[in-house]
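Some notes on the structure that comes next.
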Number of protein chains: 2
Amino acid sequence: MKEKENGDTENKIKEVAKRLFIERGFEATKTRDIAKEAGVNIALLNYYFRSKEKLFEKIFEESVNQYLHILVSILNEELPLETKIRKFVSNYIEAIRQEPHLTLFVLSEMRYRKSTVMERIFVPEIKSTQTLKQQLESEAAAGNIRPMNHHQFELCIASMVSFPFIAKPITMAIGEMNELDFDRFIEDRKTIIADMMWAYLTCKNQ
Amino acid sequence: MKEKENGDTENKIKEVAKRLFIERGFEATKTRDIAKEAGVNIALLNYYFRSKEKLFEKIFEESVNQYLHILVSILNEELPLETKIRKFVSNYIEAIRQEPHLTLFVLSEMRYRKSTVMERIFVPEIKSTQTLKQQLESEAAAGNIRPMNHHQFELCIASMVSFPFIAKPITMAIGEMNELDFDRFIEDRKTIIADMMWAYLTCKNQ
DNA sequence: GTCTATAACGGGATAGAC
DNA sequence: GTCTATCCCGTTATAGAC
């Protein structure tokens, strides 16, 4: 009876599969590679998950959930607007740093796979975030900031935070950066992005 | 002798292949699909391009070039900074509208294919764009704008412009948009993005 | 649960006729 | 140049022993 120290083969497979899927995408990931790196046989993948497709769907759904929890949790906190923006940008960046390939993975798989994940999970979860919207509206009504569509607002932040990671090879090549330079570049961005959003909302000299 | 009205089979193949590669990526695009949609046989692909790999490389290189010409041409024009920003954002958005899948295609293929395209073409082309950099520096020296690293500046614009297209399905779902709504949303962004960049650069009340 | 062996299939590439 | 037929490999999935 073979018994790995911590037992669970199923999790080992899923863990490896997740890493490979995220790095390479669905098509480029071969079941053989997953099995090999997990130290088991292909037959086991099918024993636990029935098919490559099913295994992928499970992982994709988990990834989307993981990605969402990064975002949503912060948005509903009770904080003054400027503080919230700064905290959100900073946490968002840190979260992506933990799993830098996740964004591009989700976006590229989303494009030609008509997964039901989006309607089932993504949209409901995101729409639960109404606090920020109300905050923008009331601050604008009070004349403290300029009025702004909250979707535009959110998309600006999401863009500026995640794009450098999505386009990391290009960013690094153009700026002639090494890994350390890139980290510093991203660190600087925390302030820049928050300042920029805040400048736009509050700037008087238009 | 079969002669199509406009002759060139080779171009027909390349055209179809380009569309499919851009829509689906390298791995998910099958030579059989290309041949079928081009109305020819697989043997012809290899006759003209030797292999799927070679065909792809050619198309990928062309796509990168196409993408770059969108960007670089505007950046070197002699225009006042604010005008240049507004024109750049607007033209960039229009260019992406012509080929909305191109950005995600280039970025996702870039990630796990160690193509030589980037070092050979991308970097030299982008680095030819020094005008904007100098402009930012001299305006800052004159006290007209706040000092800002030009890579950060460029990346902010590129992010906010291209991200909504990369994440189009998500953007549309969250905002409950149809195609027309999305177009309007993007149209609004032209002003928002330019205003935001300009507000950041010139805002006094920090 | 885990393995070996093998079935079943799909996909890229080529030979050779026209 | 363009086709048909075919090869051959890699990949997914399953049967069946342990």
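- For B/F105 and B/F21, the ring centers are positioned 6.0 Å apart or more.
- Cation-pi check for A/R113 over A/F60 is not met; the charged atom does not lie both under 6.0 angstrom from the ring centroid and within 45 degrees of its normal.
- Rounded to whole Å, the distance from CG on A/N11 to C1' on C/dG1 is 15 Å.
- A search for ring pair (Phe, Tyr, Trp, His ring centres under 6.0 Å) contacts involving B/F163 returns nothing, not counting sequence neighbours.
- In this structure, A/I13 atom CD1 and C/dT2 atom C1' are separated by 10 Å, rounded to whole Å.
- Listed by residue number, A/A43, A/L44, A/Y47, A/Y48 are the residues of residues 42-52 of chain A with a heavy-atom contact under 4.0 Å to DNA chain C.
- One finds no side-chain N or O of B/T9 lying less than 4.0 angstrom from the OP1 or OP2 phosphate oxygen of D/dG1.
- As rounded to whole Å, 13 Å separates atom C1' of D/dT12 from atom CG of A/L55.
- The main-chain N or O of A/I93 is never found under 3.5 Å from a side-chain atom of A/K190 such that the two would form a donor-acceptor pair.
- Put simply, the side chain of A/K84 never gets that close to the backbone of A/E78: no donor and acceptor are under 3.5 Å apart.
- In this entry the distance linking CG of B/D8 with P of D/dG1 reads 9 Å, nearest Å.
- Contact check of residues 20-34 of chain A against DNA chain D (heavy atom, cut-off under 4.0 Å) returns A/T29, A/K30, A/T31, A/R32.
- The stretch residues 17-30 of chain A participates, sequence neighbours left out, in these side-chain hydrogen bond (donor to acceptor under 3.5 Å, both in side chains) pairs: A/K18-A/Q66, A/R19-A/E37, A/R24-A/D33.
- The CG-P distance, from A/N41 to C/dA5, rounds to 10 Å in whole Å.
- For residues 171-183 of chain B, every residue pair satisfying the side-chain hydrogen bond (donor to acceptor under 3.5 Å, both in side chains) rule, not counting sequence neighbours, is listed here: A/K127-B/E176, B/K168-B/E179, B/D181-B/R184.
- Counting only residues at least two apart or in different chains, side-chain hydrogen bond (donor to acceptor under 3.5 Å, both in side chains) contacts with residues 40-49 of chain A are absent.
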